[in-house]
Amino acid sequence: MFDKILIANRGEIACRVIRTARRLGIHTVAVYSDADQHALHVALADEAVHIGPAPARESYLKAAAILDAARRTGAQAIHPGYGFLSENAAFAAACRKAGIVFIGPPPDAIAAMGSKSAAKRLMETAGVPLVPGYHGEEQSEAALRGAADAMGYPVLLKATAGGGGKGMRVVTSAGEFSEALAAARREAQNSFGDDAMLVEKYLTRPRHVEIQVFCDRHGGAVYLFDRDCSVQRRHQKVIEEAPAPGLSPIVRAQMGEAAVTAARAIGYEGAGTVEFLLDTDDSFYFMEMNTRLQVEHPVTEMITGQDLVEWQLRVAAGAPLPLAQNQLEIRGHAFEARLYAEDADNDFLPATGTLAFLQPPEESDHVRVDTGVLQGDSISVHYDPMIAKLIVWDEDRDRALTRLARALRDYRIAGTVTNIEFLYNLITTPAFRAAELDTGFIERHRDAIFRRRPDTDARLAALAALYLLLRREQAAGEFAATTSDPWSPWHSAHGWRCNDAPVQQFHLLLDGREILFTATADGNRHQLHSELGRAVIAGTLAGSELHASLDGHRQLVTVTAHDGGYSLFTRDGALHFNEVRTDAGAGEEDTTGGLTAPMNGTVTALRVEAGARVAKGDPILIMEAMKMEHSIRAPADGVVAEIFYGVGDLVDGGAELVRFEADAG
Ligand code: MV4
């Protein structure tokens, strides 16, 4: 076994590999770019080597820098993780040439799987089932059209050099063929520099089922069963599970054996994944083979009880496979959800920002969190905005799914936008619970997945108002305690009024809307009123724990204040909000000059034009930061002399937004 390995990757997979290496007593070397000098994977490794600037092509993709780091530290082997150089045959060959073990397949096995059509031809020879189609060298339109006409429409045009859906076109009739071929060729040429096409029978509702295979250097080869990865968005996996639901033992064994045959056909070594399309009639067809450890490998680990990175290390060091096929079995069911800093309500745009508050669910035999970030880390624009992989396991699919829903609710993140709500909505659709899976799942259930829940939002908003009410009372009490007359009624925040019930008001900023809440004291409760409706609220606040009663429904709510505002977490979901202070102490702005941006953000609305006269507290502009709105308001009566930004402009924290001229006196 190796004494020291270098992990040529970053983020959660680097941390994950380091975790297994440490457990095996293997010394670890991390590599890091300028952007990752404070990253978790660097902290976890025994040693770390700087390899270049933030852009991946200048660091994590620089083979020479990585090999140099391995030489300098005496690493005997390199684990490439996934992505980056993990499927780069030249890098694998360079490792071998440098006398450093590449923890993965031989270079020629990687190369063999690099071309989709070459891979298919190899599989055809090995007797692995392929989608009926044409994978020939003859690329004239006549030859391709002839193949399409012969197999019958719909057909799928695919780029031979392609992957991830690029250069693919569905052709539903002969009349569309010519135009579709031209479009597919253009896209393939632009994406891969190669416009060669293959033509296949189009499966209309396929599932993506993949088989984990493992081969050692002694002819041993096993499959560690299947994963269903059909729930994808734009060819990015969203939810993965193992085993694939509804697969009969016969089909499972047939797919497993076909995958092992495919691996043997290319002299495979190490961890590999053979991807199939599973049709509605249980027929399955080879799609492609991935010559790396997949992102979703943890679900296989959870149902087999095996550590696949340990298997990789042992096999790369020349040991035989730890178990034979008849020693492997499926136990229970596992899911993986990929948590991303991306805005599902804004076409999944990657989000930036700081993880101001990050509280993963408690880990156990049922819940596993693979992450590469900690609270306070920023989401880098240079890399995939993955926050973590949330993996759950239980005795059966139903129980595992319930655990996933709970774990998603328990994953508390504030400071950047995440896809947690999207994931939760997706897995709680009846169709997902019923395992009605196919690659079109998200599109087919779009309305249910992207549903808004105004009633939930109203409840969450009422809890936010309760929190601010209690915070205000707490702050008043804390302030009073510092004065010479702590019991003075002037320190009270109860909103006392002569001959009337005490009333308090709050301006909350919720999802771009400024909502006025009025809380009228009623004994030890408050009657809350806003445009969202009425509620009777009561509660106590201890730190971030809000014991809330809302119309008699009592629950424990976690609320945290961070530099972007406040975040509230309940079983119904999370709410990120801010309070608009309209009193004189609202912000740091002075009353003569400019008003500055409270933090990095985007101007989303101008409420006045330059030259407008405004009264104190009038909104001048709205800016958004970390999916929360901040209303920039007039600090006094006066004139907005100049506005330095327009809608859509990005502003840095502290930037002067307007020139304001307060009235004299
Ligand atoms: C297909 C197909 C239907 N019929 N081939 C997508 C990219 C690459 N992995 C192959 N893909 C597909 N090939 C035939 N003959 C549907 C897809 C497909 C898909 C496959 C797996 C996972 C997600 C997918 C999303 C869209 C289309």
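Given the structure is predicted, the values throughout are model-derived calculations rather than measurements. As the structure lists them, so they are numbered: ligands from 1, and atoms in each ligand from 1.
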Return the closest protein heavy atom for [atom] as residue, atom name and distance.
| atom | result |
| --- | --- |
| atom 10 (C) of ligand 1 | M287 SD, 3.4 Å |
| atom 6 (C) of ligand 1 | H235 CE1, 3.5 Å |
| atom 4 (N) of ligand 1 | L203 N, 3.0 Å |
| atom 19 (C) of ligand 1 | T439 CG2, 3.8 Å |

Q: Could you tell me whether T204 approaches ligand 1 through its side chain, its backbone, both or neither, with non-hydrogen atoms closer than 4.0 Å?
A: neither
Q: Answer side chain, backbone, both or neither: which part of V131 comes under 4.0 Å from ligand 1, heavy atoms only.
A: side chain
In terms of atom number and element, which parts of ligand 1 are under 4.0 angstrom from non-hydrogen atoms of [X]?
| X | answer |
| --- | --- |
| G165 | 7 (C) |
| L277 | 1 (C), 2 (C), 5 (N), 13 (N), 14 (C), 20 (C) |
| M168 | 6 (C), 7 (C), 11 (N) |
| Q232 | 22 (C), 23 (C) |

Are any of the N/O atoms in [X] less than 3.5 Å from those in ligand 1?
| X | result |
| --- | --- |
| H208 | no |
| K201 | yes |
| P206 | no |
| E200 | yes |

Within 6.0 Å of [atom1] in [X], more than 12 heavy atoms from elsewhere:
| X | atom1 | result |
| --- | --- | --- |
| E363 | CD | yes |
| D396 | CG | yes |
| K237 | NZ | yes |

Q) Quick one: are the ring centres of F450 and F422 less than 6.0 Å apart? A) yes
Q: Would you check if the distance from the ring center of Y268 to the ring center of F214 is below 6.0 Å?
A: no
Q. So, D307 side chain and E310 main chain: donor-acceptor pair closer than 3.5 Å or not?
A. yes
**Q.** Interatomic spacing from OG in S380 to NE2 in H382 - rounded to 0.5 Å
**A.** 4.5 Å
Q) Is the Lys NZ or Arg CZ of R409 less than 6.0 Å from the centre of Y424's six-membered ring, within 45° of the axis? A) yes
Q) Restricting to pairs with a member in residues 247-274, which pass salt bridge (Lys or Arg N to Asp or Glu O under 4.0 Å), not counting sequence neighbours? A) R217-E269, D226-R252
